[in-house]
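These notes concern the structure reproduced below.
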Amino acid sequence: MKTIKQWNDSFCQVVENVGLVAFLFMMLLTTVDVVGAKVFLKPVPGSLDLMMLAQLISMSFALGASFAAHRHVTVEFLLPLLPKPIQKISRCLIHGLVFALFVTMSWRLFMHGFDFKAYGEVSPTIRIQLYPFVYGAAAAFIPACIAALLNLIQSLIEVFSHGS
């Protein structure tokens, strides 16, 4: 299990770097668009379409690395007050729900991408095909699914280990 976690962490780094490039592209595009529109009276054509696609990529590609590194928001105000066995079972249920959520989101994004491809859905202004970006977002959820599955397995081990 440790090998899978190490592989997933390194894969998450690669995926996160793609999201970082998309985020940097958003910053550059915003700067060029604002300067172009205000100084030269020439905004970047299709900047809203490009921004929409870059946001999709930057957010979805950062999710897996963020989740795997435990940089996500957690709120635990009731769980520490419960007895240890109930805490372990609750964590197991929570990890199971998170895993189910990520798998469902990835699956539905793949299906959505398939629909976009079948119907030829394009961005409104510059007519870029949308399905590759949706497929990319769906694939970017896979490291988050793996991290959630590893968390679920670890919590199941804690629940069923002797001495709990």
Side-chain angles (χ1 to χ4, degrees), residues 1-76 91 93-155:
M1 193 158 92
K2 188 172 248 181
T3 305
I4 295 171
K5 182 174 177 11
Q6 289 172 343
W7 176 84
N8 192 46
D9 288 345
S10 62
F11 184 59
C12 284
Q13 282 298 95
V14 172
V15 171
E16 183 181 34
N17 288 337
V18 173
L20 178 62
V21 169
F23 183 73
L24 293 173
F25 173 75
M26 285 174 24
M27 291 184 353
L28 178 67
L29 177 64
T30 301
T31 303
V32 170
D33 190 42
V34 169
V35 170
K38 299 297 181 189
V39 176
F40 302 110
L41 301 175
K42 287 281 195 183
V44 175
S47 62
L48 290 177
D49 290 356
L50 295 172
M51 190 64 71
M52 169 189 67
L53 296 172
Q55 284 176 347
L56 172 67
I57 296 301
S58 66
M59 288 188 295
S60 60
F61 277 61
L63 173 80
S66 176
F67 187 76
H70 302 288
R71 294 186 300 223
H72 54 282
V73 176
T74 59
V75 179
E76 292 186 4
R91 283 193 182 96
L93 291 172
I94 290 167
H95 290 307
L97 288 172
V98 168
F99 174 67
L101 173 71
F102 285 156
V103 167
T104 303
M105 289 172 73
S106 183
W107 167 61
R108 292 306 305 164
L109 278 169
F110 274 116
M111 298 307 296
H112 201 55
F114 177 77
D115 290 343
F116 274 12
K117 185 176 182 179
Y119 296 116
E121 193 74 29
V122 295
S123 64
T125 308
I126 54 178
R127 319 283 301 157
I128 296 174
Q129 288 284 329
L130 295 178
Y131 74 89
F133 297 95
V134 179
Y135 282 152
F141 271 81
I142 293 172
C145 292
I146 294 170
L149 178 62
L150 292 173
N151 289 344
L152 175 60
I153 291 169
Q154 184 61 40
S155 64

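Just so it is clear, the values below take in all heavy atoms, side chains as well, and ignore hydrogens, waters and symmetry mates.
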query: Who are the ring-ring contact (aromatic ring centres under 6.0 Å, His included) partners of Trp7, not counting sequence neighbours?
result: Phe11

message: Going by side chain to side chain contact (heavy atoms under 4.5 Å, CB included), name the residues that satisfy it together with Asp49, two or more places apart in sequence or in a different chain.
response: Ser123, Pro124, Thr125, Ile126

- request: Using ring-ring contact (aromatic ring centres under 6.0 Å, His included) as the criterion, list what pairs up with Phe67, not counting sequence neighbours.
  value: His72, Phe102

message: Show every side-chain hydrogen bond (donor to acceptor under 3.5 Å, both in side chains) that has at least one partner inside residues 109-120, sequence neighbours left out.
response: none

Taking only distance into account, with no hydrogens and no angle test, what donor-acceptor pairs under 3.5 Å do side-chain atoms of residues 26-41 form with protein atoms, sequence neighbours excluded?
{"from": "Thr30", "atom 1": "OG1", "to": "Met26", "atom 2": "O", "distance (Å)": "2.8"}
{"from": "Thr31", "atom 1": "OG1", "to": "Met27", "atom 2": "O", "distance (Å)": "2.9"}
{"from": "Asp33", "atom 1": "OD1", "to": "Val44", "atom 2": "N", "distance (Å)": "2.8"}
{"from": "Asp33", "atom 1": "OD2", "to": "Ser47", "atom 2": "OG", "distance (Å)": "3.3"}

field: Other residues, nucleotides, ligands: >12 heavy atoms within 6.0 Å of Phe23 CZ
entry: no

- request: With the side chain counted from C-beta on, respond yes when Val103 and Leu149 share a heavy-atom pair under 4.5 Å apart, and no when they do not.
  value: no

- prompt: Can you list every salt bridge (charged side-chain N to carboxylate O under 4.0 Å, His left out) pair that touches residues 1-14, not counting sequence neighbours?
  reply: Lys5-Asp9

Gap separating the CE atom of Met105 from the CG atom of Leu101, nearest 0.5 angstrom: 5.5 Å

message: Among residues at least two apart in sequence or on other chains, which ones pass side chain to side chain donor-acceptor pair (under 3.5 Å) with Ser10?
response: none

task: Hey, could you give me each pair passing salt bridge (charged side-chain N to carboxylate O under 4.0 Å, His left out) that has a residue in residues 135-145? Not counting sequence neighbours.
output: none

message: Test: salt bridge (charged side-chain N to carboxylate O under 4.0 Å, His left out). Region: residues 125-154. Which pairs qualify, not counting sequence neighbours?
response: none

- prompt: Rounded to the nearest 0.5 Å, what separation is found between the CG atom of Asn151 and the NE2 atom of His95?
  reply: 5.0 Å

task: Write down the atom of Val98, the atom of Ala148, and the distance for their closest heavy-atom approach.
output: CG1-CB, 4.1 Å

Show me the donor-acceptor pairs within less than 3.5 Å that the side chains of residues 132-146 make with the rest of the protein, sequence neighbours left out.
{"from": "Tyr135", "atom 1": "OH", "to": "Phe114", "atom 2": "N", "distance (Å)": "3.4"}

- request: Hey, could you give me each pair passing salt bridge (charged side-chain N to carboxylate O under 4.0 Å, His left out) that has a residue in residues 11-28? Not counting sequence neighbours.
  value: Glu16-Arg71

May I have the list of side-chain donor-acceptor pairs in residues 56-65 shorter than 3.5 Å, sequence neighbours left out?
{"from": "Ser58", "atom 1": "OG", "to": "Ala54", "atom 2": "O", "distance (Å)": "3.1"}
{"from": "Ser58", "atom 1": "OG", "to": "Gln55", "atom 2": "O", "distance (Å)": "3.2"}
{"from": "Ser60", "atom 1": "OG", "to": "Leu56", "atom 2": "O", "distance (Å)": "2.7"}

